[in-house]
Amino acid sequence: MSATSATVTDDAPAVERSAEVLTPEALAFLAELHRRFAPRRAELLARRHERRAEIARTGTLDFLADTAQVREDPDWRVAQAPAALDDRRVEITGPTDRKMTVNALNSGAKIWLADFEDASAPTWENVIGGQRNLIDAYERRIDFSTPEGKSYALKDEAELATVVMRPRGWHLDERHLTVDGEPVPGGLVDFGLYFFHNARRLLAKGKGPYFYLPKTESHLEARLWNDVFVFSQDYLGVEQGTIRATVLIETITAAFEMEEILYELRDHASGLNAGRWDYLFSIIKNFRDGGEKFVLPDRNAITMTAPFMRAYTELLVRTCHKRGAHAIGGMAAFIPSRRDAEVNAVAFEKVKADKDREASDGFDGSWVAHPDLVPIARASFDAVLGDRPNQKDRLREDVHVCAGQLIAIDSLDARPTYEGLRNAVQVGIRYIEAWLRGLGAVAIFNLMEDAATAEISRSQIWQWINAGVVFADNGEKATADLVRRLAAEELAAVRAETGEAAFAAGKWQQAHDLLLKTALDEEYVDFLTLPAYELLG
């Protein structure tokens with residue numbers, strides 16, 4: 001391979017049909033992306049640390065003074081949504097394995113978030129195999145049968161969900177691809193391969209290359225993505241504005257820059273999304289030394305009706321509609337049980353209430369994790385939207401959110417519990433073990449969990465110990481020794497549950513050790529997935 005191209009490392013595992021994805025032309029494009037944009041990405045990652053230090057020093061956040069003119073200018077709008085993205089009332093999320101690809105496209109949802117990020121452990125097989133599966137889907141050659149004889153085939157083109165692909169966040173590298181000896185940022189790999197291979201395929205179908213942008217922390221990071229888009233469209237010779245991006249507002253710093261983020265991407269922006277677990281993880285990460293008023297209760301006690309969460313979601317709807325963008329709501333993560341109809345009935349009612357609230361608040365659509373939830377979410381939005389594709393005309397001018405409301409964590413009347421700690425340990429170990437085996441979307445206790453789950457779990461453990469929390473339900477204090485005891489109990493429970501052979505074949509000890517390291521070390525690691533990636537096969 002010439003020095004002008006990205007290079008696949010010698011230790012990259014063999015992946016079936018990888019040559020169809022890693023073509024010389026695609027690798028040359030990745031090299032261009034890396035050389036042009038990786039240095040700015042490195043500067044922005046350094047800026048994250050500087051901003052975190054400032055938050056630690058001041059104990060607060062506010063809207064940016066130097067971008068006030070963007071917020072105060074009443075005239076600018078994002079580009080009009082293309083037809084394929086105008087109606088987004090139900091979106092299903094999931095990784096890009098072959099079975100999920102067919103099921104998600106066939107699900108009846110308007111949109112499929114094809115995930116290379118939190119719902120996909122970044123094994124080389126998943127990174128390259130996922131790209132191959134999407135190409136095969138667009139070429140309608142993805143039909144397949146399971147060993148048990150069950151067949152999967154795509155429905156007619158008009159019935160398929162529109163794909164919005166989510167690349168990895170800026171903080172992650174792809175160690176199996178290098179340029180000039182440096183690993184290529186994972187986000188550029190995922191975006192670059194998908195865009196290069198599929199932009200023209202999608203345009204021929206009357207759609208386009210659409211993206212979800214994760215873990216964004218500032219409008220400057222959105223500006224970088226916009227510059228990537230402009231360059232890439234020129235490189236392939238497709239019209240500017242062909243790319244459309246929806247940004248996940250899943251960090252507390254981005255919540256203070258929603259308008260600026262839309263402004264930076266305005267020729268390519270299609271909306272913002274409100275995601276819960278990463279948002280809470282970001283609050284802990286940024287305010288971890290902010291004292292008792294920033295201590296979060298059990299994650300399952302923090303619903304979207306919590307005052308500080310409601311301020312965030314209502315501001316998101318107000319911001320999006322003010323600028324002509326879609327506002328997309330959060331995840332319904334419940335996984336229906338095939339054995340317990342009563343559990344399903346209770347959960348379905350909670351999902352319905354959540355989606356009814358979002359539709360009533362002005363959201364234009366929402367996420368589900370399982371095809372069985374698509375009709376429930378659709379009914380909630382159908383009741384409000386009727387035949388309209390969205391409700392962007394509902395401007396929510398009644399919403400006035402101040403900076404203090406977004407960080408008023410102590411406005412929630414709930415306290416951490418011992419059972420909440422136990423759940424964090426259980427879910428953390430079970431998720432990390434599956435991730436280390438290459439699974440990013442994992443059903444645990446009837447919920448579909450992804451990497452954000454592990455992040456909030458280990459972060460809450462870290463926060464509760466460092467804040468000296470005394471649990472509301474049993475009066476016991478959060479300590480490292482208590483966490484070690486609960487982790488040992490969970491390992492024993494898993495061993496009994498799975499059997500000795502299955503336990504030995506898994507990654508349970510590694511998962512246990514990694515959770516304890518990231519939850520108990522004095523130095524808080526920014527992302528669990530960074531040390532976890534070093535252990536990934």
Geometric cation-pi criterion Arg458 and Tyr524, 6.0 Å radius, 45° cone
yes
Does any pair with a residue in residues 305-320 pass salt bridge (charged side-chain N to carboxylate O under 4.0 Å, His left out), and if so which ones, sequence neighbours excluded?
Arg310-Glu314, Arg310-Asp361, Glu314-Arg396
Which residue pairs pass the salt bridge (charged side-chain N to carboxylate O under 4.0 Å, His left out) test with at least one member in residues 97-107, sequence neighbours excluded?
Arg98-Asp136
What pairs with Phe29 under ring pair (Phe, Tyr, Trp, His ring centres under 6.0 Å), at least two apart in sequence or on another chain?
Phe196, Tyr235
Scan for ring pair (Phe, Tyr, Trp, His ring centres under 6.0 Å) pairs involving residues 104-124, sequence neighbours excluded, and state none if there are none.
Trp124-His176
Any donor-acceptor pair under 3.5 Å from Arg71 side chain to Leu64 backbone:
yes
Report the residues that fulfil side chain to side chain contact (heavy atoms under 4.5 Å, CB included) with Asp173, sequence neighbours left out, ordered by chain and then residue number.
Arg41, Pro183
How would you list, by chain and number, every residue that makes a side chain to side chain contact (heavy atoms under 4.5 Å, CB included) with Ala452, sequence neighbours excluded?
Asp118, Trp277, Asp278, Asp450
With a 4.0 Å cut-off, would you call Arg51 and Glu257 a salt bridge?
yes
Can you list the residues that meet the salt bridge (charged side-chain N to carboxylate O under 4.0 Å, His left out) rule with Asp62, with sequence neighbours excluded?
none
Does anything in residues 87-110 form a ring pair (Phe, Tyr, Trp, His ring centres under 6.0 Å)? List the pairs, not counting sequence neighbours.
none
Could you tell me which residues satisfy ring pair (Phe, Tyr, Trp, His ring centres under 6.0 Å) with Phe211, sequence neighbours excluded, listed by chain and number?
Phe191, Tyr194
Taking the six-membered ring for Trp, is the centroid-to-centroid distance between Phe37 and Trp170 below 6.0 Å?
no
Quick one: list whatever passes ring pair (Phe, Tyr, Trp, His ring centres under 6.0 Å) with Phe308, sequence neighbours left out.
none
Of all pairs that satisfy salt bridge (charged side-chain N to carboxylate O under 4.0 Å, His left out), the ones with a partner from residues 524-537, not counting sequence neighbours
none
Apply ring pair (Phe, Tyr, Trp, His ring centres under 6.0 Å) to His219 and list each qualifying residue two or more places apart in sequence or on a separate chain.
none
